[in-house]
Amino acid sequence: MTCRFSICLWNVCVASLCKARNLEKAEAVIVDGIRIGYLPDVVTYNTLIAAYCRFVGVDEGYSVLHRMREAGVEPDVITYNSLIAGAARHCLPSRSVDFFEEMLQIGIDPNVWSYNTLMHCLFKSGHPEGAYRFFLEMISNNVQPSPFTYNTLLNGLCKSGNAKNALRLFRRLERFGFSAEVVTYNTIINGLCKAGMYGAAKRILTELGESSNSPNAITYTTIMKCCFKSGKFRQGLEVFAAMMDKGYSSDVFAYCTIISALVKMGRIGEAHSHTDEMLKNGIGLDMACCNTLIYMYCKEGNLRTAFQVLSEMEEAGLGSDEYTHSILVDGLCRTGLFVDAQNLLKKMESRGLNSNLVAYNSLLNGLCKVGNLDAALALFNKMELKDSFTYASLIHGLCKFSQFRLASKLMRICLREGISVLSSAQRAVVSGLRVSGLKRDAIKLRAAIRTARLLRS
DNA sequence: CTGGGCGGCG
């Protein structure tokens, strides 16, 4: 009594178990099905592959592909799209390209989703050229781009430092037969704001208002964030108020944005009242939001409560990430608790959290601030990854304690390597050299700085 | 597919 209808139902059952991350049960249901004569089909396998890619790993997803082949079920374009998406999810650009090529090799034609996913992955992992290449390939293979394609392209262009080109593309969308939707507007407005192109962003916001689309919560948060970034605090607060009036009073992103901005401005009292308001609105807190609260407590020196939030979020199953730990490391350093900060850093490392460069920079900065330059230099030499924050912290620290020669040496490394250091750090070194009688060195360094600036522009 | 959370400069 195996009819097509019951196989569909059975697939739905497998799918819902997969969606609930219950892969073991899904596999058990498949085994049971086989016993009563339901042979898994391409849909069953595709469901499994997507789930393994999402919840376990790309290799595990790929091994299901072998299983399906052995069972005599041939993969289709959705199979490969799932694998590409899996690689994208785990930020494995070369794997996603491999899957794409394997698909071509066995004669499956990629569709618009294949290209979209691949482009998204390549942009996200910092390979914009690769993404452009596949976009062109898609056009030349007569695969029609979708709105999703253009949104991904606009976002990718902005995120890879090509906001101007994104704006040009946005202006041509209509010629390509696409009308911008709210996602498109949000994407380009955000990209332009991040690039500091506020005038263009504002014009497009006006156009959005005049279009048939309405701004949504994402538009509001984007604009609010942009106001804070460009120093228009009062306007940012007004955007927040307008957003609340619009009824977006349970938007965790908005609260996160405003609380963090208020903390940065030192307006801790207002940050607290917005926190209370947020909790009163019954918003479900997520990890980023908890990190913001931890940040708030750290900034007011309330480390005890900060760590309390950490244990509460871990108890609630939200976990914690590199942001959580970096914020706490910084908080500990600012309180002078360097040993605790070091231990937390070690914990980060053992948990395999990436980007603890930020945390190391906090520690370095903290050591500089209290004048423990020996420890700071030892740490600096030990650090494998360094960025402009690293150099600026140390240069400032060295200047603060009159180690101008060493500061100048570091400054020269930055100029040579193209590391852009804050101009305040540059000034500190030059004027330090000058007032400590090293006039010739000061002049030479200034010349080097000017040359580097000319070469960069 | 779009928005939020960490570090240097007082």
Whole-Å gap separating P (B:dG4) and CG (A:Asn186)
11 Å
Just call it for A:Leu422: base, sugar-phosphate, or nothing, with non-hydrogen atoms closer than 4.0 Å on any strand.
base
With heavy atoms under 4.0 Å as the rule, sort A:Lys386 into base, sugar-phosphate or nothing.
nothing
Going by heavy atoms closer than 4.0 Å, what residues in residues 393-412 of chain A are next to DNA chain B?
A:Ser393, A:His396
In whole angstrom, give the distance that lies between atom NZ of A:Lys229 and atom C1' of B:dG4.
15 Å
Between P on B:dC1 and CD1 on A:Ile84, what's the gap in Å once rounded to a whole number?
15 Å
I'd like to know if A:Ser326 reaches the base of B:dC6 with its side chain, counting only an N/O donor and acceptor under 3.5 Å.
yes
Do other residues, nucleotides or ligands put more than 12 heavy atoms under 6.0 Å from the CZ atom of A:Arg54?
no
With heavy atoms under 4.0 Å as the rule, sort A:Thr221 into base, sugar-phosphate or nothing.
base
Mind checking A:Asn116 for me? I need base, sugar-phosphate or nothing, with any heavy atom below 4.0 Å counting as a touch.
nothing
I'd like to know whether the aromatic ring centres of A:Tyr220 and A:Phe240 sit less than 6.0 Å apart in this structure.
no
Which is true for A:Lys124 with a 4.0 Å heavy-atom rule: it touches a base, it touches only sugar-phosphate, or it touches nothing?
nothing
Starting from C1' on B:dG3, measure out to CZ on A:Phe253 and report it in whole angstrom.
6 Å
From CD1 of A:Ile188 over to C1' of B:dT2, roughly how many Å is that when rounded to an integer?
11 Å
Identify whether any heavy atom of A:Ala428 sits under 4.0 Å from a base atom; if not, whether one sits that close to sugar-phosphate; answer base, sugar-phosphate or nothing.
nothing
Above 12 or not: heavy atoms from other molecules or residues under 6.0 Å from CZ of A:Arg351?
yes
Taking only residues at least two apart or on different chains, which pairs with a member in residues 180-202 of chain A satisfy ring-ring contact (aromatic ring centres under 6.0 Å, His included)?
A:Phe170-A:Tyr185
Candidate nucleotides B:dC6, B:dC1, B:dC9, ranked by approach to the side chain of A:Asn365 - the nearest:
B:dC9
Return the value, rounded to whole Å, for the distance between atom CE of A:Met224 and atom P of B:dG4.
10 Å
Establish whether the base of B:dG4 is bridged to the side chain of A:Asp286 by a donor-acceptor pair shorter than 3.5 Å.
yes
Would A:Leu394 and A:Cys368 satisfy side-chain contact (heavy atoms from CB on, under 4.5 Å), going step by step from the backbone distance to the final call?
CA-CA 7 Å; A:Leu394 191 53; A:Cys368 285; 3.8 Å; yes
Counting any heavy atom closer than 4.0 Å, what does A:Ser423 reach on the DNA or RNA strands: base, sugar-phosphate only, or nothing?
nothing
Rounded to whole Å, CD1 of A:Ile204 lies from P of B:dG3 at a distance of 15 Å
So does A:Lys202 have more than 12 non-hydrogen atoms from other groups sitting under 6.0 Å from NZ?
no
Distance-only donor-acceptor test, A:Asp251 side-chain atoms vs B:dG3 base atoms, 3.5 Å:
yes
Please pick, from B:dG3, B:dC1, B:dC9, the nucleotide with the shortest atom-to-atom distance to any side-chain atom of A:Val183.
B:dC1
Which is true for A:Cys333 with a 4.0 Å heavy-atom rule: it touches a base, it touches only sugar-phosphate, or it touches nothing?
nothing
Is A:Phe148 stacked against the base of B:dC1, taking the criterion as centroid distance under 5.5 angstrom and interplanar angle under 30°?
yes
Have a look at A:Val329 and say if it touches a base, only the backbone sugar-phosphate, or nothing, with a 4.0 Å heavy-atom cut-off.
nothing
Of all the nucleotides listed (B:dG8, B:dG4, B:dG3), which has the minimum atom distance to the side chain of A:Lys159?
B:dG3
With A:Phe134 as reference, evaluate A:Asn141, A:Asn116, A:Leu122 under the side chain to side chain contact (heavy atoms under 4.5 Å, CB included) test and give the passing residue.
A:Leu122
Between B:dG8, B:dG3, B:dC1, which nucleotide has the shortest distance from any of its atoms to the side chain of A:Lys194?
B:dG3
Base, sugar-phosphate, or nothing for A:Met287, non-hydrogen atoms under 4.0 angstrom?
base
Tell me, yes or no, whether the heavy-atom count around A:Ile204 atom CD1, taken from other residues, nucleotides or ligands under 6.0 Å, exceeds 12.
yes
By the ring-ring contact (aromatic ring centres under 6.0 Å, His included) test, which pairs, at least two apart or in different chains, include something from residues 363-415 of chain A?
A:Phe380-A:Tyr391
Taken to the nearest whole Å, CZ/A:Phe170 to C1'/B:dT2 is 13 Å
